[in-house]
Amino acid sequence: MLNFLIRRTVFMFVALFAVTVISFFIINLPKGDYVTAYIAQLQATGSLVDADEASNLRKFYGLDRPLYIQYLKWISQIVLEQNLGFSFEYNQPVTVVIAERLLLTIILAIATIIFIWIFAIPIGIISAVKQYSFWDYLFTFLGFIGLAIPDFMIALIMMYLFFVWFDFSPGGLFSPEFSQAAWSYARVMDLIEHMWIPIVVLGTAGTAQLIRITRANLLDELAKPYVVTARAKGLSEWKVIAKYPVRIALNPAISLTAYILPFLISGSVIVGVVLSLPTVGPMLVKALVAQDMYLAGGIILLVGFMTVIGTFISDLLLLWIDPRIRFEGS
Amino acid sequence: MNYLSKIKNKFFSDKIPEEIIVQEDESIQIATQRQLIWRRFKRHRLGFASSIVVILFYVVVLFADFLATSVPVHYGAARGFMPPQPIKFFQEGDFLSVCHVIGERNLESFRMEHTADCNNREPLQLFGKGYEYKLWGLFKTDRHLFAMKNPDANVDEWIHLMGTDKQGRDVFSRVMHGTRVSLTIGIIGVGLSIVFGIFIGSISGYYGGLIDSLLQRFIEIIRSVPTIPLYMGFSAAFPADWTINQVYFMITVIISLFAWTDLARVIRGRFLSLRDEDFVVAARLNGASTMRIVFVHMLPSFYSHIIAQASLALPLMIVTETSLSYLGLGLRPPAISYGVLLKDAQNVQAVAHSPWLFLPAIFVIVVILALNFMGDGIRDAADPYQEV
């Protein structure tokens, strides 16, 4: 158990480090640096900056130093001061700009995972227990399609159908009166009312995948002798299935969550744009188009962190739920 | 036994005559690996039917210009939002013809309303002359599947098999060109990831040990990071003055930069399981070089797995390109790809009034589904014992 825990923790830190390097790399990709952008902004407001001043500014921000020193400076700022840099588009520190959107992104991701579990596991169990029944075929077919069609296409189709059938365009996570309001009970209820469309759109692929995995694993388990023994001993059918086979079949379901999390976050960025959600997705696109690199890099960094830490949490869950890993080596 | 019942026995008995079973057995025994896979694939009905759809799509890729009716970037505000024009068959002596469409602005809704006036028709010609293009960039020609018979008639004003978009560009021609761009990005991207995948997968699987675990952790890290934001970050950094071709090439490279991991894992697994097989050991003892063992002895034994994995990676690449272009971070107009076309379908209200703008989406869905089903079919055929 300790071994597993140490391995996963070390891996998490290495992955976090990799995310920071990639984010820093992306921030530095476009031509020009912070000072170029700053000068452009100053010039737009009418003040002039000469070459001397520019090089002084560069020295002040350490932009004349080699890249790895800049990286160290950037990363220590993040770790020590929670400072992700400054957004030119919004004229505010990046952390202030992203805070609420990041929170909504996290809420959306967690809600989607819960949605996936709630729907996929029972359906997977039904499909396995009633193999080759009508429901099994129906869900297998739907699963295939749900897995193949990219989520932003599902979003587009849903928007179109809603508009044609109900004459309303789904979008956003709040009604207009709540979009800028402070958090309150009414706002939370409003969020829940709006959230189900993006959840369904985002969760379709994951649900399809989890149904397949649960079905396959449970089918393997159901064929094993201990199930036959349990049945021969006269246990009720419900108990025969739910007590052990389902529990074992659930382990891959949990480790699969770690696997689908990156896809979920990737998807939420695009779906966020299609459905104009107040998540980090649309903001990332805007920031990239405007080359507001500290904002874009900050979003990529935090989204990456979210995924890596989410993966780690699902590892811990696996540890908690699967005694075979817990007692390994002891 | 009379003659009739003999026939009946021969054709309608439930039992399969013995000689056929024997025949099949023999042919299975002498069949090569490739023949066996092909046979299993043919039996996979969904996969087989899908592969025909995929082939049709790649025919479009090869002959996009020939199939397109008008230059896909030709615009004309007066022709905006024209509904699809069906081709009429056998009308008054013309084999194929199209009706003239008159657009009129409805003064209440301020929307263009189009009516077809079939008294005013123009005949069409198969394999007739249209705009000039270079087939595969080599042969100059101006032949098209559908063209106007009358050389004075302007194609842009007549043939719109799938209607026109806001700027009056022909949606059908644009879909044909978009198919070519999006599907070739997929193919080239898959080619690049196969190269990466074979390179890293074979090193990892062949040497094993420390190198293997380092490479596996590396792959794990890449897989644990959400790729779309990264793709977006990279493609936003393209200089604005790059040509379409440069952007096209870089997008392909970036997509395959992260997409090779699945392939590498499959290849590594195969290498690990084959590493100590007799034929590999024999080759090693005979003094064959590592390169020779890898490329001549080991790789050919699981080509089919690579092909299966590659055909499953293809739809993923197409989706990635489509998403990036849709967000405005991939290919940008005047380039045409599925993503660029879908961007036109972004405005729900416009689509609700002119639903044909949504046709590109159907093309994308069909090709993605077909590629997925085909990939599944190939995988099942290549390795019937593989678990989900």
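Chain A is the first sequence line, chain B the second, and so forth, proteins listed ahead of strands; every chain is numbered from 1. Because the structure is a prediction, the values reported are computed rather than measured.
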Which atoms of A/Ala18 are under 4.5 Å from chain B, going by heavy atoms: the side chain, the backbone, both sets, or neither?
side chain
Pick one of side chain, backbone, both or neither for B/Leu329, based on which atoms fall under 4.5 Å of a heavy atom in chain A.
side chain
Side chain, backbone, both or neither: which part of A/Leu264 has a non-hydrogen atom closer than 4.5 Å to chain B?
neither
A/Met12 CE to B/Ile221 CD1 distance, which is reported to the nearest 0.5 Å:
12.5 Å
Region of A/Tyr160 that comes under 4.5 Å of a non-hydrogen atom in chain B
both
Full working for side-chain contact (heavy atoms from CB on, under 4.5 Å) between B/Arg217 and A/Val14:
CA-CA 9 Å; B/Arg217 294 295 87 76; A/Val14 174; over 6 Å; no
Per-residue contact mode, A/Leu156 against chain B (heavy atom under 4.5 angstrom):
both
Solution key, residues 265-273 of chain A side-chain donor-acceptor pairs under 3.5 Å, sequence neighbours excluded:
unit_1   : atom_1 : unit_2   : atom_2 : d
A/Ser266 : OG     : A/Pro262 : O      : 3.4
A/Ser266 : OG     : B/Thr227 : N      : 3.1
A/Ser266 : OG     : B/Ile228 : N      : 3.0
A/Ser268 : OG     : A/Ile265 : O      : 2.9

Under a 4.5 Å cutoff for heavy-atom pairs, which residue among B/Ile365, B/Leu342, B/Leu371 has the most contacts with chain A?
B/Ile365
Which bit of B/Tyr326 is near chain A, if near means a heavy-atom gap under 4.5 Å: side chain, backbone, both or neither?
side chain
A/Arg7 with B/Glu220: basic N within carboxylate O range, under 4.0 Å
no
Working to the nearest 0.5 Å, report the span between CD1 of A/Ile26 and OH of B/Tyr231.
11.5 Å
Top contributor to chain B contacts, counting heavy-atom pairs under 4.5 Å, from A/Phe305, A/Phe263, A/Phe25:
A/Phe25
Interface moiety of B/Leu230 toward chain A, non-hydrogen atoms closer than 4.5 Å:
both
Reference residue B/Pro226; test side-chain contact (heavy atoms from CB on, under 4.5 Å); the match among A/Val19, A/Ile300, A/Val303:
A/Val303
Out of A/Val280, A/Thr311, A/Ile157, A/Val308, return the one with the most heavy atom pairs under 4.5 angstrom to chain B.
A/Ile157
Bottom line for A/Leu288: the part with an atom under 4.5 Å from chain B's heavy atoms is both
Would you say B/Pro229 and A/Ile299 make side-chain contact, with heavy atoms under 4.5 Å?
no
Taking CZ in B/Phe218 as the centre, count heavy atoms belonging to other residues, nucleotides or ligands within less than 6.0 Å. Is the count above 12?
no
Does any pair with a residue in residues 252-268 of chain B pass side-chain hydrogen bond (donor to acceptor under 3.5 Å, both in side chains), and if so which ones, sequence neighbours excluded?
B/Asp212-B/Arg268, B/Arg223-B/Asp262
